[in-house]
Amino acid sequence: MPSLLRLTLFTSITLLILLAIRTPLRRFLGAAAAYQAWLLVPLVTLVACLPARTTPALHGAAAVRTARVLATRMVPAPSLQVDLLLVAWAGGALALAGWFLHAHQAFRRAAGPLRQAGGVYLSAGDTGPASVGLLRPIVIVPHDFMQRYGAAEQALVIAHEQVHIARRDALANLLQAACQCLFWFHPLVHLAALRFRQDQELSCDARVMAQHPGQRRSYAEALLKSHRRAPLQDGINCHWQTHHPIKERLMQLQSSAPRLSRRIAGRCLVGLLAAGAMFGALAARAEPEAPVYAVAMTIDAGGAQSSPRVLAKTGEQFAVASGAWRIEMTVRGANEAGSVWVVSKVYQDAKVVGTPHLLAHLNEKIGVKVGDGAAPFALSMVVTQQP
């Protein structure tokens, strides 16, 4: 459950950034850059799953510190309620996974027996056009594909689906579905999934238009013909007719393809975004290095004096001894700025005779005395934080 909450935080931040920049990216750098930017989601999720490391160099930025604090505070203490929430999450994830499986099976049943015709497969009904399959993808088209579309339109529709197959977009859709199952409770994830599929289609349209620059009118007519027919729930399949706003796809056909310099700039920007997102996730997951303190002591144990000096990390136990006396100490953080707790146990002849807890102000002397007899144990110390 703690890992899921951290993943939710990191994924939410990434999705908010992507939803904010996808339109400017597409407008200035092309549809391909907007689609490629969605790679940030699996990258950040993967980095967030890595074991936390103690990395002092990653703790400078205020935004990183804020994300790290949020990630820490989101972790609940183990309880029965947490266990019930985990069961509820697993049930929701399985239910949504079942829905995706049902949608895929419903699509295949609607397609009916397939009949190969050239490089495509004709469905028995009105299913398609669509590219279907992960390992051996095929293009499925409606039974009246040859009559409904002209020759130029047929070539463009098939080219569109072939782009999906060449890019392995079905695998990307499978990852998207897995993300939706993992975060089924998060409305932002489902909104982002819709926008992801829209950017996928827009980038595919742009690729086909780059390959067939003189076929914009035929492409638009093919889109309009397909748009009149509502698609089935597509699962991870790539459909020619989608829930994507047709107006946006038609408007993109009127825009010119970005120049080579802009395409290169888009890839560079996506690379920088990916590097920055991974660095931010690593920094937020990094555990702060435990502070080191120098404890300068003066001990008077039954008249025997000594002045030991010890370097210790926060939470690390150390001990000093003098004759029959022994003291074990641990330096721990305190809520008060510039102060630490010194938690100790004092032994005399292996028997605990005191457990003083001292609030020590850094660089100021504190002391403790145990025993009122002829040979008491007295300790004074100064705690200093090391750079």
Side-chain angles (χ1 to χ4, degrees), residues 14-43 129-131 137 139 153 155-176 179 190-227 231 234 236-274 276-277:
T14 307
L15 292 179
L16 286 172
I17 293 172
L18 287 173
L19 290 172
I21 68 172
R22 57 183 287 270
T23 300
L25 271 179
R26 189 173 66 248
R27 183 178 303 160
F28 296 107
L29 300 176
Y35 180 51
Q36 292 164 0
W38 289 100
L39 285 171
L40 270 64
V41 177
L43 285 176
S131 57
V139 176
E153 295 169 353
L156 291 171
V157 170
I158 294 173
H160 179 99
E161 298 305 329
Q162 289 295 341
V163 169
H164 281 307
I165 292 174
R167 298 190 312 192
R168 297 290 181 182
D169 283 343
L171 179 58
N173 295 343
L174 180 62
L175 292 176
Q176 165 231 307
C179 187
H190 300 294
L191 173 64
L194 178 62
R195 299 293 182 262
F196 165 76
R197 296 295 286 267
Q198 292 174 359
D199 287 339
Q200 183 182 90
E201 293 302 322
L202 287 170
S203 66
C204 195
D205 291 343
R207 175 77 67 86
V208 176
M209 285 296 92
Q211 297 171 350
H212 306 274
Q215 299 292 323
R216 297 180 187 275
R217 183 178 180 84
S218 297
Y219 200 85
E221 290 176 351
L223 282 174
L224 289 171
K225 288 180 181 179
S226 301
H227 184 67
D234 48 9
I236 66 170
N237 302 320
C238 300
H239 279 250
W240 167 257
Q241 72 268 35
T242 68
H243 301 285
H244 192 286
I246 188 65
K247 182 178 178 181
E248 191 172 13
R249 294 183 72 178
L250 293 175
M251 288 180 63
Q252 180 180 267
L253 296 180
Q254 300 174 9
S255 61
S256 57
R259 297 178 180 177
L260 178 61
S261 58
R262 284 197 178 189
R263 294 199 299 271
I264 294 175
R267 291 178 181 177
C268 292
L269 180 59
V270 170
L272 289 173
L273 286 172

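We count residues from 1, following the sequence as given.
Residue Ile236 holds its CD1 atom at 5.0 Å from CG of Leu174, rounded to the nearest 0.5 Å. Between Arg207 atom CZ and Asp205 atom CG the span is 12.0 Å, to the nearest 0.5 Å. Put simply, CZ on Phe28 and OG1 on Thr23 are 10.5 Å apart, with the number rounded to the nearest 0.5 Å. Once rounded to the nearest 0.5 Å, the distance linking CD of Gln162 with NE2 of His164 reads 11.0 Å.
Annotation: salt bridge (charged side-chain N to carboxylate O under 4.0 Å, His left out) contacts involving residues 31-41, sequence neighbours excluded, are absent.
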Can you list the steps and then say if Gln198 with Arg26 is a side chain to side chain contact (heavy atoms under 4.5 Å, CB included)? CA-CA 12 Å; Gln198 292 174 359; Arg26 189 173 66 248; over 6 Å; no
Between Lys225 and Glu221, does a salt bridge (Lys or Arg N to Asp or Glu O under 4.0 Å) hold up when you go through it step by step? CA-CA 6 Å; Lys225 288 180 181 179; Glu221 290 176 351; 5.8 Å; no
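Residue-environment remark: CZ (Arg27) stays at or below the threshold of 12 foreign heavy atoms within 6.0 Å.
For the pair Asp169/Tyr35, a side-chain contact is recorded, criterion being any heavy-atom separation below 4.5 Å from C-beta on. Between Arg22 and Trp38, some side-chain heavy-atom pair lies under the 4.5 Å cut-off. With contacts defined as side-chain heavy-atom distances shorter than 4.5 Å, the pair Leu250/Leu224 qualifies. Two residues are said to be in side-chain contact when any heavy atoms from C-beta on lie closer than 4.5 Å; Arg167 and Cys204 meet this criterion. The side-chain heavy atoms of Ser131 and Pro137, taken from C-beta on, include no pair separated by under 4.5 Å. The shortest side-chain heavy-atom distance between Leu253 and Leu223 falls under the 4.5 Å cut-off. Counting only heavy atoms from C-beta outward, the side chains of Leu269 and Leu25 approach each other to under 4.5 Å.
Ring pair Tyr219/His160 is tilted by interplanar angle, where 30° to 60° counts as tilted.
Residues Ala265 and Leu29 share a closest heavy-atom pair of CB-CD2, 4.2 Å. Minimum heavy-atom separation, Leu156 to Ser218: CD1-CB, 3.7 Å. Taking both residues in full, the closest heavy atoms of Leu18 and Ala37 are given as CD2-O, 3.3 Å, listed atom of the first, atom of the second, then distance. In this structure, His212 and Ala159 approach most closely via the heavy-atom pair NE2-CB, 4.1 Å. In terms of heavy-atom proximity, Ala31 sits nearest to Ala206 at CB-CB, 4.2 Å. Considering all non-hydrogen atoms of both residues, Ala192 and Leu19 come closest at CA-CD2, 4.3 Å.
In this structure, Gln252 contributes its side chain and Leu202 its backbone to a donor-acceptor pair below 3.5 Å.
Remark: Asn173 pairs with Gln200 by the side-chain hydrogen bond (donor to acceptor under 3.5 Å, both in side chains) rule, at least two apart or across chains.
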